[in-house]
Amino acid sequence: LQKLIHLLQATDDPLIQEQALVTLSNSAAFSVNQDTIRNLDGLSVIGGMLSDCVPKVKEKALNALNNLSMNIKNQEDIQVYITQVCRNVESAPLNSDLQLAGLRLLTNMSVTSDYHHKMINSIPCFLHLLSEGTERTQIQVLKVLVNLSANPAMTRHLLRAQV
């Protein structure tokens, strides 16, 4: 895992980055690896890939963070990327794999109400995706909206959102 994280830092080759991110994502399916990746500062390395200009690299980084977000301690570190993830969801092509990867991460990060406030500005986007997206996109957006709606503090923001 340490070598993969170092490889991500050392290369600019998108194909190598994608493969390293896929391997880290698969490794994150095991809880012991989630802790190890966090302890090796892998979350910030993977999070840094969200600003990459190659959509496939961003998508693979989002998938890795999604798997890593199953851990509460990891969520504390990943939450700093929520605003950036929301921007990626908003700017990604409609119904793209990149958009869906971002929505899946936001679904996991919205299971508890700890980080809902970071998603408020994206509520109009979520509602737009709900009306314009394909069924896959709609289902993923609904998961985020259901999580947000479970928080009474979000009611006003959800009901006042401009669509």
Side-chain angles (χ1 to χ4, degrees), residues 1 4-5 7-9 11-31 33-34 36-38 40-112 114-148:
L1 293 174
L4 284 170
I5 292 167
L7 180 62
L8 271 180
Q9 292 173 305
T11 186
D12 290 330
D13 184 331
L15 293 175
I16 293 173
Q17 291 172 333
E18 280 183 57
Q19 290 304 309
L21 287 165
V22 167
T23 304
L24 285 167
S25 181
N26 292 339
S27 298
F30 303 98
S31 56
N33 291 342
Q34 292 172 4
T36 302
I37 292 168
R38 181 185 64 251
L40 293 171
D41 199 33
L43 296 176
S44 65
V45 173
I46 296 168
M49 306 305 282
L50 296 178
S51 58
D52 197 284
C53 57
V54 178
K56 279 290 184 192
V57 171
K58 281 187 206 182
E59 175 196 336
K60 302 305 184 214
L62 287 165
N63 288 336
L65 289 175
N66 183 46
N67 287 349
L68 288 160
S69 71
M70 300 301 205
N71 177 312
I72 295 295
K73 287 184 180 178
N74 285 354
Q75 282 192 1
E76 293 170 8
D77 290 347
I78 293 170
Q79 60 93 16
V80 301
Y81 302 108
I82 289 176
T83 304
Q84 187 172 8
V85 172
C86 288
R87 281 195 307 266
N88 283 338
V89 167
E90 292 175 30
S91 64
L94 183 62
N95 305 314
S96 65
D97 289 336
L98 174 59
Q99 191 172 62
L100 287 167
L103 289 169
R104 282 192 295 272
L105 176 56
L106 292 175
T107 299
N108 282 350
M109 294 301 293
S110 64
V111 168
T112 66
D114 296 343
Y115 311 114
H116 286 181
H117 63 283
K118 294 181 175 246
M119 300 180 204
I120 289 171
N121 292 334
S122 294
I123 291 173
C125 171
F126 298 152
L127 295 172
H128 170 74
L129 294 176
L130 188 59
S131 67
E132 298 297 321
T134 61
E135 186 176 328
R136 284 178 62 207
T137 301
Q138 290 172 335
I139 289 169
Q140 207 57 56
V141 169
L142 281 172
K143 290 177 181 182
V144 175
L145 290 171
V146 165
N147 287 346
L148 295 177

Which heavy atom of [X] sits nearest a heavy atom of [Y], and at what distance?
| X | Y | answer |
| --- | --- | --- |
| Q138 | G133 | NE2-O, 3.3 Å |
| V141 | L129 | CG2-CB, 3.7 Å |
| F126 | C86 | CZ-SG, 4.5 Å |
| A28 | Q34 | O-NE2, 2.8 Å |
| L148 | S110 | CD2-CB, 4.4 Å |
| L62 | A101 | CB-CB, 3.8 Å |

Keeping Q75 on the side-chain end and S69 on the backbone end, is there a donor-acceptor pair under 3.5 Å? yes

For the [atom1] atom of [X] and the [atom2] atom of [Y], what is their distance to the nearest 0.5 Å?
| X | Y | atom1 | atom2 | answer |
| --- | --- | --- | --- | --- |
| N71 | L68 | CG | CG | 8.0 Å |
| L50 | L98 | CG | CG | 9.5 Å |
| K73 | L43 | NZ | CG | 12.5 Å |
| Q17 | Q19 | CD | CD | 11.5 Å |
| L4 | T23 | CG | OG1 | 5.5 Å |
| I139 | L103 | CD1 | CG | 12.0 Å |

Does [X] have any side chain to side chain donor-acceptor pair (under 3.5 Å) partners at least two apart in sequence or in another chain, and if so, which?
| X | answer |
| --- | --- |
| D77 | none |
| N33 | none |
| T107 | Q140 |
| H116 | N151 |

A side-chain contact here means heavy atoms from C-beta on lying under 4.5 Å apart; do [X] and [Y] qualify?
| X | Y | answer |
| --- | --- | --- |
| L65 | V85 | no |
| L21 | E18 | no |
| I78 | L105 | yes |

Residue pairs fulfilling side-chain hydrogen bond (donor to acceptor under 3.5 Å, both in side chains) with at least one residue in residues 85-101, sequence neighbours excluded: E90-S122, N95-T134, N95-T137

Quick one: which residue pairs count as a side-chain hydrogen bond (donor to acceptor under 3.5 Å, both in side chains) with a foot in residues 41-63, not counting sequence neighbours? D41-S44, K56-E59, N63-R104

Would you please name every residue forming a side chain to side chain contact (heavy atoms under 4.5 Å, CB included) with [X], sequence neighbours left out?
| X | value |
| --- | --- |
| A64 | S25, I46 |
| Q79 | I82, M109, Y115, K118 |
| L40 | L1, Q2, I5, T36 |
| D13 | T11, L15, I16 |

When you look at CG of N121, are more than 12 heavy atoms from neighbouring residues, nucleotides or ligands closer to it than 6.0 Å? no

